[in-house]
Amino acid sequence: MRFLVIFLIANAAIVAAQTPRQLQLDRAASSLLEQDFVAFNPNYKEEREARLTRTKALAKEMFAQEAKGEKTACGHQILFELESLLVSSADFKLMDSRLHDLEASIGHPSADNPNGDGMWGSCYQEWYLKLYATYDRLEANAPDEPAPHPLPAFLERVSTPEKLTAYLDALSISDVHHTGIDHEREFNETLATLLQMIVRHKPENYTVDPALRDSLFRVLHRYRNPDTGYFGERYRRDGREDFPDDLSMTFHVVSYLKGKVPDMPRLLDTTLAIKDFSYPAGWLWKGEFWNHNNMDVVALFHYGWSEASPAQKKAMATEIERMLTWCLHESLQPDGSFKVNIADGSLEDAEYYGTSFLARIGFFDPSQRFWTDRDFPEAADVKKKISAFVRAHQGSGPTGDNYRSTLEALGIR
């Protein structure tokens, strides 16, 4: 565990509580980012809205195809890339090109295929999205106890400590005013996948040079805000660097390090403080709960529960109750599906997020019920509905997972 000690020592400094300025920065994170894009392109809001409207219309058609059982892997990859561009870029020519590709894919069932380097995500253009798709595909097909493997050749661009450090450091700071690009999505997804492959050796039992692993931990501390315990992207603005908190990135780091991060009580305080803020800093998507963020929040709560104070535990339990009520009465549908939005990317992913949230709070399994000792008599019926929906749609999942992760969250193998 020498590499983990490096990370912990580098983050040993303790600062008093989250400052009012930090709270304001987190609250305003999405609006500040929009202001950055407008500074780059004064017509940004109007141009983005036009592409967003068209993307939503095409997404509705994609979800309808998926609901009918059609395999739409290529179209869903294009849709996810578009959704990523809409939150991270002002390159409207690229969006228009991808919109054209998405429209052309409607009505044409498609499957994913690997390239010569073994990377999946054939209809993605961005390398980090291909990496994301490849990891999911490898994980879905990995044996229970794989023989040791070297790291794949497609990781060549991060295959040495120097390359890894340079690549991640370049992504960790965005100057949207001047570039029209927010690196947060690429930074977040890439860091998450590299933590899985380099630190956890997943999904194929990789043999990793200790120097490469140590370098990842050496740079990781720079991506953590010691005031809040959270990880995130930095933004250059008017001669300063803003460092808003990032729920998704923090979830990835904490989860893949199994909760072994510094100052967990501070991290829990931050998580509770940002509950009413919008993505990317807070829990909410367009002003309301979203199962994807909710499952991230409860994972942080679970990892921090043993270090939490009685007041923190009470606050966390209250928030889990709120999320559960919303999930069961607003998100869960009578047919066992969960209400889908464009940020989910597919019916399959929406099903996983909702089911995973319920599983992580111990809704189905009392042994996982870390936050309460009460029973959930409705759990068996909810599990039955979700399982029925999954069985009816299992052949249509666009990710290559074919709902396996959702069934595992239900305890079904």
query: For Lys275 and Leu272, what are the C-alpha separation, side-chain angles and deciding distance, and is it a side-chain contact (heavy atoms from CB on, under 4.5 Å)?
result: CA-CA 5 Å; Lys275 65 180 182 180; Leu272 290 165; 5.6 Å; no
- request: I would like to know whether Tyr132 and Phe80 meet ring-ring contact (aromatic ring centres under 6.0 Å, His included); could you show each step before the answer?
  value: CA-CA 11 Å; Tyr132 167 84; Phe80 187 74; 5.5 Å; yes
message: I'd like to know if Lys339 and Glu330 make a salt bridge, using a cut-off of under 4.0 Å between side-chain N and carboxylate O.
response: no
field: Ser387 side chain vs Lys384 backbone, donor-acceptor pair below 3.5 Å
entry: no
field: Side chain to side chain, Leu247 and Asn293, heavy atoms closer than 4.5 Å
entry: yes
field: Euclidean distance, Leu99 CG relative to Ile78 CD1, rounded to 0.5 Å
entry: 10.0 Å
query: For Leu131 and Met119, which heavy atoms make the closest approach, and how far apart are they?
result: N-CE, 3.4 Å
task: Give a yes-or-no answer on whether the side chains of Ser331 and Asn291 include a donor-acceptor pair shorter than 3.5 Å.
output: yes
task: Kindly indicate, with the supporting measurements, whether the criterion side chain to side chain donor-acceptor pair (under 3.5 Å) is fulfilled by Gln22 and Asn225.
output: CA-CA 10 Å; Gln22 184 69 46; Asn225 186 339; 3.2 Å; yes
query: Between Tyr44 and Phe92, how do the two ring planes meet: parallel, tilted or perpendicular, split at 30° and 60°?
result: tilted
query: Which residue, Glu126, Arg98, Arg185, forms the side-chain hydrogen bond (donor to acceptor under 3.5 Å, both in side chains) with Ser84?
result: Arg185
- request: Scan side-chain atoms only and decide if Ser396 and Glu66 contain a donor-acceptor pair under the 3.5 Å cut-off.
  value: no
task: Look only at the side chain of Asp209 and the backbone of Ala211, and say whether a donor-acceptor pair between them is shorter than 3.5 Å.
output: yes
field: Within-4.5 Å side-chain heavy-atom neighbours: Phe301 and Phe370
entry: yes
message: Can you tell me how the ring of Trp290 sits relative to the ring of Trp285, calling it parallel under 30°, perpendicular over 60° and tilted otherwise?
response: tilted
message: I'd like to know whether Gln196 forms a side chain to side chain donor-acceptor pair (under 3.5 Å) with Tyr135, so could you lay out the CA-CA distance, the side-chain angles of the two residues, the decisive distance to 0.1 Å, and finally the verdict.
response: CA-CA 9 Å; Gln196 288 277 59; Tyr135 181 86; 3.2 Å; yes
- prompt: Looking at Asp269, Asp245, Thr270, which one forms a side-chain hydrogen bond (donor to acceptor under 3.5 Å, both in side chains) with Thr228?
  reply: Asp245
- prompt: Do the side-chain N and O atoms of Ser337 and Asp335 include a donor-acceptor pair separated by under 3.5 angstrom?
  reply: yes
message: So Phe389 and Lys385, do their side chains get closer than 4.5 Å, heavy atoms only?
response: no
task: Kindly indicate whether the side chain of Asn341, heavy atoms from C-beta on, has any atom under 4.5 Å from the side chain of Phe63.
output: no
task: Might you point out which heavy atoms bring Met264 and Val261 nearest each other, and give the distance in Å?
output: CE-CG2, 3.8 Å
query: Quick one: does Asn294's side chain get under 4.5 Å of Trp326's, heavy atoms only?
result: yes
- prompt: Would you call Glu47 and Arg51 a salt bridge, using N to O less than 4.0 angstrom?
  reply: yes
task: Answer yes or no: is there a donor N or O on one side and an acceptor on the other, between the side chain of Ser31 and the main chain of Ala28, under 3.5 Å?
output: yes
query: To the nearest 0.5 Å, what is the distance between CD (Glu241) and OH (Tyr235)?
result: 12.0 Å
query: Does a donor on one side chain and an acceptor on the other come within less than 3.5 Å for Asp365 and Ser367?
result: yes
- request: Please determine, by modelled atom types, if His149 and Asn205 share a side-chain donor-acceptor pair under 3.5 angstrom.
  value: no
- request: State plainly whether the residues Arg48 and Glu34 are in salt-bridge range, i.e. N to O under 4.0 Å.
  value: no
query: Side chains of Thr271 and Tyr230: donor-acceptor distance under 3.5 Å anywhere?
result: yes
- request: Calculate, to the nearest 0.5 Å, the distance between atoms OG1 and CD1 belonging to Thr250 and Ile274 respectively.
  value: 7.5 Å
Any side-chain heavy-atom pair of Phe277 and Leu23 under 4.5 Å: yes
query: Hey, are the side chains of Lys71 and Pro398 touching, using non-hydrogen atoms and a 4.5 Å cut-off?
result: no
query: Can you tell me how far OG1 of Thr134 sits from CG of Asp117, rounded to the nearest 0.5 angstrom?
result: 9.5 Å
- prompt: Angle class for the Tyr223/Phe187 ring planes (parallel below 30°, perpendicular above 60°, tilted otherwise)?
  reply: perpendicular
- prompt: Backbone N or O of Asp175 within a donor-acceptor pair of the Arg236 side chain at under 3.5 Å?
  reply: no
message: Could you go through Val199 and Phe217, starting from their C-alpha distance and side-chain angles, then the distance that decides it, and tell me whether this counts as side-chain contact (heavy atoms from CB on, under 4.5 Å)?
response: CA-CA 9 Å; Val199 175; Phe217 279 93; 3.5 Å; yes
- prompt: Of all heavy-atom pairs between Glu186 and Tyr167, which one has the smallest distance, and what is that distance?
  reply: OE2-OH, 3.0 Å
- request: Kindly compute the distance separating NZ (Lys130) from OH (Tyr124), expressed to the nearest 0.5 Å.
  value: 10.0 Å
- prompt: Which pair of heavy atoms, one from Ser346 and one from His76, lies closest together, and at what distance?
  reply: CB-CD2, 3.3 Å
task: Kindly say whether Glu46 contributes a backbone atom to a donor-acceptor pair with the side chain of Asn43 at under 3.5 angstrom?
output: no
- prompt: In this structure, which one of Leu358, Val297, Leu328 forms a side chain to side chain contact (heavy atoms under 4.5 Å, CB included) with Met323?
  reply: Val297
message: Could you measure the distance from the CD atom of Gln77 to the CG atom of Leu82? Nearest 0.5 Å is fine.
response: 12.5 Å
task: Verify whether one side chain among Thr325 and His329 offers a donor that lies under 3.5 Å from an acceptor in the other.
output: no
- prompt: Between the side chain of Thr165 and the main-chain N/O of Glu162, is any donor-acceptor distance below 3.5 Å?
  reply: no
message: Can a donor-acceptor pair be found, under 3.5 Å and without considering hydrogens, that links the side chain of Ser172 to the backbone of Glu233?
response: no
task: Say whether His393 and Glu351, considering side chains only, have a donor N or O and an acceptor N or O under 3.5 Å apart.
output: no
task: Say whether, by atom type as modelled, one donor and one acceptor occur between the side chain of Thr53 and the main chain of Glu49 under 3.5 angstrom.
output: yes
field: Side-chain heavy-atom pair Cys74, Asp112 within 4.5 angstrom cut-off
entry: no
field: Basic-acidic side-chain contact under 4.0 Å: Arg234, Asp242
entry: no
field: Non-hydrogen atoms of Ala409 and Phe364 that approach each other most closely
entry: O-CD1, 4.3 Å
task: State whether the side chain of Thr355 and the backbone N or O of Tyr352 hold a donor-acceptor pair below 3.5 Å, judged by distance alone.
output: no
message: Looking only at side-chain N and O atoms, does Gln24 offer a donor or acceptor that is under 3.5 Å from a partner on Arg27?
response: yes
message: Could you tell me if His252 and Asn188 have a donor-acceptor pair between their side chains, going purely by distance under 3.5 Å?
response: yes
Under 3.5 Å: donor-acceptor pair, side chain of Glu348, backbone of Tyr403: yes
- prompt: What heavy-atom pair brings Ser215 and Leu164 nearest, and what distance separates the two atoms?
  reply: OG-CD2, 3.3 Å
Worked verdict on Asp169 versus Arg222 for salt bridge (Lys or Arg N to Asp or Glu O under 4.0 Å): CA-CA 9 Å; Asp169 279 352; Arg222 297 204 294 270; 2.5 Å; yes
